[in-house]
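These notes are about the structure you will find just below.
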Number of protein chains: 2
Amino acid sequence: MPKDGAAAPSHWKAFASRRRDPATKREAVLQTAAHLFLEKSYGRTSLNDVAERLNITKPALYHYFRNKEEILLECYRLGTGLIEEILNEIAAHCGTGLEKVAAFIYSYANVMTVNFGRCVMRLDEGDLSSQAFAEVRTYKRKIDRRLRSFIEEGIADGSIAPCDPKIAAFSIAGAVNWICIWYEPEGELPAEEIASQFARTLTQGLARTTPNSGEREVSRQEPLP
Amino acid sequence: MPKDGAAAPSHWKAFASRRRDPATKREAVLQTAAHLFLEKSYGRTSLNDVAERLNITKPALYHYFRNKEEILLECYRLGTGLIEEILNEIAAHCGTGLEKVAAFIYSYANVMTVNFGRCVMRLDEGDLSSQAFAEVRTYKRKIDRRLRSFIEEGIADGSIAPCDPKIAAFSIAGAVNWICIWYEPEGELPAEEIASQFARTLTQGLARTTPNSGEREVSRQEPLP
DNA sequence: GTTTTTTCTTACCCACGGGTAAGATATCAG
DNA sequence: CTGATATCTTACCCGTGGGTAAGAAAAAAC
């Protein structure tokens with residue numbers, strides 16, 4: 001069990017001094033909050049817990065956030081921001097549909113190992129107000145649409161075997177999203193390893209559709225940007 | 001399998017009379033509780049909510065369960081029970097590793113559309129006591145091990161292309177588990193349709209590993225038992 | 001009918017946690 | 001140095017929800 005100063009530290013330092021630096025302090029709150037939300041869930045994390053880790057008291061938090069939910073929503077925003085970045089990058093990155101899907105899986109899997117990224121898929125949307133909920137759902141829907149379009153593109157250009165894009169997208173999204181459930185930052189598997197393995201496995205597929213002459217090469221795919 | 005009668009209710013009928021029938025009343029509590037847990041999450045579901053749906057009052061629930069957590073744990077137990085059943089069936093069902101994996105995906109996906117099954121993967125383990133948590137984790141670990149063994153079996157018998165069984169199992173498990181997140185009992189896609197599509201997609205794989213002469217046949221795989 | 005047992009209700013306790021009020025103290029601009 | 005402002009604390013409010021006490025009312029046992 002992670003102790004106070006061991007694995008997740010450095011953020012209480014932001015509040016060591018009373019110097020006026022709202023930006024970094026706000027950031028510190030979000031980082032520790034995200035950490036705790038992932039560890040104990042939003043509902044079981046009290047603002048006292050957050051404050052305690054930062055060596056301050058609960059009301060101090062209200063200088064940086066209007067309420068608890070705003071902290072949660074900000075975590076979602078930072079996470080979806082990361083995802084949106086990579087989506088734009090990939091869309092611009094010319095290539096076959098299959099290549100785009102592979103690039104997506106690789107980058108997305110990596111995001112799922114970052115705190116804010118994990119928050120997006122791991123935290124319970126039900127804790128959000130209806131407005132914030134709608135906002136987050138818009139982001140998510142966008143992601144799903146993009147992935148599906150990559151697949152359709154791949155079917156069109158022949159790089160992907162004909163299939164139902166909706167189901168394929170659900171499969172891939174599920175496989176990658178689930179990473180944020182079992183991934184442990186302190187675990188054995190490094191993030192990039194997971195990402196590249198997933199990119200390979202999911203694009204290559206599991207079944208041997210046609211009997212190969214020899215053993216299929218277990219080539220290491222170069223990690224995409 | 002267990003078909004939920006109407007959309008949601010019908011369970012309050014169990015408490016319409018004061019006749020002594022603890023078994024069905026207990027069942028009714030579990031069904032409505034599971035329903036609410038999936039709808040609003042465990043944390044946001046109060047025992048008053050559960051009681052209200054059953055047209056009784058909160059303390060009445062304590063005649064059938066020691067506390068709130070016992071209700072939750074029982075949902076987990078019923079769900080894992082369903083999964084264990086299908087696992088045993090498949091292990092006995094002779095066939096190649098790939099066939100076992102396909103059968104697993106099909107049956108498992110179906111379970112993920114049933115309330116108690118969904119509870120197993122959708123609900124937050126953090127709400128369980130450490131004892132119950134350990135029990136549930138044991139079940140889940142077992143499932144993962146079984147799936148992985150099916151894959152290894154398939155690689156050994158040549159029905160599955162060489163790959164890392166751990167990553168493959170994580171991918172498949174993630175894709176199928178994620179169903180319980182987005183599946184809506186009232187939605188368009190029927191459960192069996194999802195299950196068979198997933199079984200096909202995930203075993204067939206997405207990428208075309210070798211250029212086929214013609215269009216790949218989109219054969220309908222017969223729904224496994 | 002009478003007694004016993006189960007079932008369920010009304011009324012209550014209390015710990016927890018989000019949020020606020022009001023004031024103390026440090027930082028900064030001048 | 002001085003006043004203004006941002007920062008943070010102590011003390012408090014109160015709604016919510018899990019859980020209990022004690023007893024009423026219905027069902028079964030006799």
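Naming convention: chains lettered A, B, ... in sequence-line order (proteins, then strands); numbering from 1 in each chain. Keep in mind the model is a prediction, meaning the values are calculated, not measured. These numbers come from the heavy atoms of this one structure, side chains and all, not from hydrogens, waters or symmetry mates.
Among the heavy atoms of the strands lying under 4.0 Å from B:Tyr64 are primed sugar atoms or P, OP1, OP2 only; no base atom is included.
Atom CD1 in B:Ile105 sits 14.0 Å away from atom CD1 in B:Ile194 (nearest 0.5 Å). Taken from CZ in A:Phe116 to CD in A:Glu74, the straight-line distance is 9.0 Å, to the nearest 0.5 Å. Interatomic distance, CD1 of B:Ile151 versus CD1 of B:Ile172, reported as 4.5 Å (0.5 Å rounding).
Taking atom CZ of A:Phe15 as the reference point, atom P of D:dT7 lies 10 Å away to the nearest angstrom. One interatomic measurement links the two molecules: CZ of B:Phe65 to P of D:dG19, which rounds to 13 Å at whole-angstrom precision. Rounded to whole Å, the distance from NZ on B:Lys25 to P on D:dA26 is 13 Å. One interatomic measurement links the two molecules: CG of B:Asp49 to P of D:dG17, which rounds to 7 Å at whole-angstrom precision. Across the protein-nucleic acid pair, B:His63 atom NE2 and D:dA26 atom C1' stand 13 Å apart, rounded to whole Å. For the pair B:Tyr42 OH and D:dG17 P, the interatomic distance rounds to 13 Å; values are reported in whole Å. Nucleotide D:dG17 holds its P atom 15 Å from the CG atom of B:Leu61, rounded to whole Å. In this structure, B:Arg66 places its CZ atom 16 Å from P of D:dG18, rounding to the nearest Å.
Atom CD of B:Glu52 sits in a sparse spot, with 12 or fewer heavy atoms from other residues, nucleotides or ligands closer than 6.0 Å. Other residues, nucleotides and ligands contribute over 12 non-hydrogen atoms within 6.0 Å of the CZ atom of A:Arg44.
Taking the charged nitrogens against the carboxylate oxygens, B:Glu193 and A:Lys166 have no contact shorter than 4.0 Å, which rules out a salt bridge.
Mapping B:Pro59 and B:Pro22 onto DNA chain C by nearest heavy atom places B:Pro22 at the nucleotide closer to the 5' end. Toward the 5′ end of DNA chain D lies the nearest nucleotide of A:Thr57, the other residue of the pair A:Thr57 and B:Ser46 mapping further downstream.
The side chain of A:Tyr62 contributes no N or O atom lying less than 4.0 Å from OP1 or OP2 of D:dC8. Proximity of A:Lys58 to the phosphate of D:dT9: no side-chain N or O atom is located under 4.0 Å from OP1 or OP2.
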Stepwise side-chain contact (heavy atoms from CB on, under 4.5 Å) check, B:Asn67 with B:Glu70: CA-CA 6 Å; B:Asn67 51 38; B:Glu70 194 176 273; 3.6 Å; yes
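Side-chain atoms of A:Tyr108 and A:Ile179, non-hydrogen and from C-beta on, never get closer than 4.5 Å to each other.
In 5' to 3' order, the nucleotides of DNA chain C bounding all contacts with chain A (an atom under 4.0 Å from a heavy atom) are C:dG17 to C:dC28.
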Protein-nucleic acid N or O pairs under 3.5 Å, nucleotides 27-30 of chain D:
from	atom 1	to	atom 2	distance (Å)
D:dA27	N3	B:Arg20	NH2	2.9

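Side-chain polar atoms of B:Ser46 and B:Asp49 form a donor-acceptor pair below 3.5 angstrom.
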